[in-house]
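This report refers to the structure that appears directly beneath it.
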Amino acid sequence: DLTMPILQSINQPLVMLHNQYEKLRDFNKLQENFDALQKENFQLEEWKSLAIQLKRENQNLRELVRTLPSPDQSFFTAKVLGSPAGSEYSTLLVAAKEDDGIEKNAVVVCAKGVIGRIVNTGLLVSHVSLLTDINSRIPVRFESTGEHAILAGTGKAELVILHRKSHYETTFEKSKENAELQVGDRLVTSGFGGIFPPDLPVAVITRIEKDLAEDKIFAQLIATPQT
């Protein structure tokens, strides 16, 4: 009994030291867990970023599939290099050359639809004549009515519809297709002319100016080189 106080006084520092050691070990474990969680969070952020990127690429590919030619027609993917100075709405340069099999009048599309055709191929680049070019003319069809027309470039973002013509012959069928065109109606390639395959998305009607002789219809391309 006389030695008990002495043993307690000796043991107390040891107990305190042990408790401090346990706290330090718990702290180290917490630090290790924190570092592991931080690393895992960083990996999750990387995977999230990759998933978003893949989702965006997948969506672009899905949209592109809708505008690709039929399987019996070949196609080539090329990078857009830009437009020569002052030719934003007329010419585009793409990284596709004659050795790639690119030929004059090859149709140029992007994810959302037609943007133009190849007019010149070179050793390093090819020139694309855009549908907005002032000399551009492309046979189109109104999806809502079946009417055929010519879509003409104006050298600006907005295009104009020329030479509207019924696709039908009988009076009864003409009365069906004479439904009013609306802003937002879509135009697709008609397939006439032998250059552009049919049913490729081209433009949407942006405004209609009523006229006694013939309505003036304006449209804007669905696709742009950036899309």
Side-chain angles (χ1 to χ4, degrees), residues 59-77 89-92 103-119 128-227:
Q59 180 63 30
N60 289 339
L61 288 172
R62 286 177 180 272
E63 292 180 351
L64 185 59
V65 166
R66 300 190 192 115
T67 62
L68 288 178
S70 58
D72 60 330
Q73 295 176 316
S74 61
F75 62 93
F76 180 85
T77 303
Y89 293 110
S90 61
T91 307
L92 194 68
E103 299 178 352
K104 183 178 180 180
N105 286 330
V107 178
V108 180
V109 302
C110 59
K112 295 183 179 179
V114 182
I115 62 172
R117 62 185 177 88
I118 299 289
V119 291
V128 178
S129 175
L130 299 175
L131 299 185
T132 46
D133 182 74
I134 196 169
N135 296 310
S136 172
R137 300 290 186 274
I138 174 175
V140 293
R141 174 178 58 82
F142 294 97
E143 278 191 323
S144 60
T145 66
E147 256 186 306
H148 285 238
I150 300 296
L151 184 63
T154 62
K156 300 178 182 179
E158 197 171 50
L159 299 91
V160 63
I161 284 87
L162 305 174
H163 311 301
R164 289 170 59 190
K165 183 179 180 181
S166 170
H167 179 58
Y168 305 100
E169 298 298 332
T170 68
T171 304
F172 173 73
E173 287 176 325
K174 279 185 180 181
S175 65
K176 288 197 301 181
E177 68 86 23
N178 277 337
E180 286 289 329
L181 293 170
Q182 305 288 334
V183 170
D185 283 357
R186 197 167 76 151
L187 296 96
V188 297
T189 52
S190 66
F192 291 166
I195 294 179
F196 296 92
D199 301 320
L200 295 178
V202 180
V204 292
I205 296 176
T206 52
R207 61 191 177 99
I208 301 174
E209 294 182 358
K210 296 293 183 179
D211 190 271
L212 292 177
E214 184 177 15
D215 294 344
K216 292 182 181 179
I217 305 175
F218 299 86
Q220 193 161 4
L221 294 181
I222 294 174
T224 65
Q226 290 74 33
T227 58

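When a residue number appears, it is its place in the shown sequence, counting from 1.
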**Message:** Any non-hydrogen side-chain atom of Arg207 less than 4.5 Å from a side-chain atom of Glu158?
**Reply:** yes
**Item:** Side-chain heavy-atom pair Ile205, Ile217 within 4.5 angstrom cut-off
**Value:** yes
**Prompt:** Say you draw a straight line from CZ of Phe142 to NE2 of His148; how long is it, rounded to the nearest 0.5 Å?
**Reply:** 10.5 Å
**Prompt:** If you round to the nearest 0.5 Å, how far is CG of Leu151 from OG of Ser136?
**Reply:** 7.0 Å
**Asked** Quick one: does Lys112's side chain get under 4.5 Å of Pro201's, heavy atoms only?
**Response** no
**Carboxylate-amine/guanidinium contact Glu143 Arg141, below 4.0 Å** = no
**Asked** Taking it one step at a time, do Thr132 and Thr154 satisfy side chain to side chain contact (heavy atoms under 4.5 Å, CB included)?
**Response** CA-CA 6 Å; Thr132 46; Thr154 62; over 6 Å; no
**With sequence neighbours excluded, residues passing salt bridge (Lys or Arg N to Asp or Glu O under 4.0 Å) with Arg137** = none
**Request:** Might you point out which heavy atoms bring Ala152 and Leu159 nearest each other, and give the distance in Å?
**Result:** O-CB, 3.3 Å
**Message:** Quick one, Leu130 with Thr91, criterion side chain to side chain contact (heavy atoms under 4.5 Å, CB included). Give me CA distance, side-chain angles, the key distance, then yes/no.
**Reply:** CA-CA 6 Å; Leu130 299 175; Thr91 307; over 6 Å; no
**Request:** Answer yes or no: is there a side-chain heavy-atom contact under 4.5 Å between Phe196 and Arg117?
**Result:** yes
**Fill in**
Looking only at heavy atoms, the pair that brings Asp133 and Ser129 closest together is CB-OG, 4.1 Å
**Asked** Are side-chain heavy atoms of Ile222 and Val202 found at a separation under 4.5 Å?
**Response** no
**Audit row: Gln182, Ser144, side-chain hydrogen bond (donor to acceptor under 3.5 Å, both in side chains) steps and yes/no** = CA-CA 9 Å; Gln182 305 288 334; Ser144 60; over 6 Å; no
**Request:** Determine the minimum heavy-atom distance between Pro139 and Phe192, stating which atoms define it.
**Result:** CG-O, 3.2 Å
**Message:** Heavy-atom count check: over 12 atoms from other residues, nucleotides or ligands less than 6.0 Å from Ile134 CD1?
**Reply:** no
**Item:** Flag side-chain contact, heavy atom, 4.5 Å: Ile150 against Ile161
**Value:** no
**Asked** So, the side chain of Thr206 versus the backbone of Phe218: is there a donor-acceptor pair under 3.5 Å, distance only?
**Response** yes
**Request:** Could you grab the distance from atom NZ of Lys216 to atom CD1 of Ile208, nearest 0.5 Å is fine?
**Result:** 14.0 Å
**Item:** Heavy atoms from other residues, nucleotides or ligands near CD of Glu209 exceed 12 (cutoff 6.0 Å)
**Value:** yes
**Request:** Measure the shortest side-chain to side-chain distance between Val107 and Pro197 over non-hydrogen atoms and say whether it is less than 4.5 angstrom.
**Result:** yes
**Minimum heavy-atom distance Thr189-Val114, with the two atoms named** = CG2-CG2, 4.3 Å
**Message:** Can you confirm whether Leu221 sits close enough to Leu131 that some side-chain heavy atom of one is under 4.5 Å from a side-chain heavy atom of the other?
**Reply:** yes
**Fill in**
On a heavy-atom basis, the closest approach of Leu187 and Ala219 is CD1-CB, 4.2 Å
**Message:** Going by the rule side-chain contact (heavy atoms from CB on, under 4.5 Å), which residues pair with Val108 if we only count those two or more places apart in sequence or in a different chain?
**Reply:** Ile115, Ile118, Val128
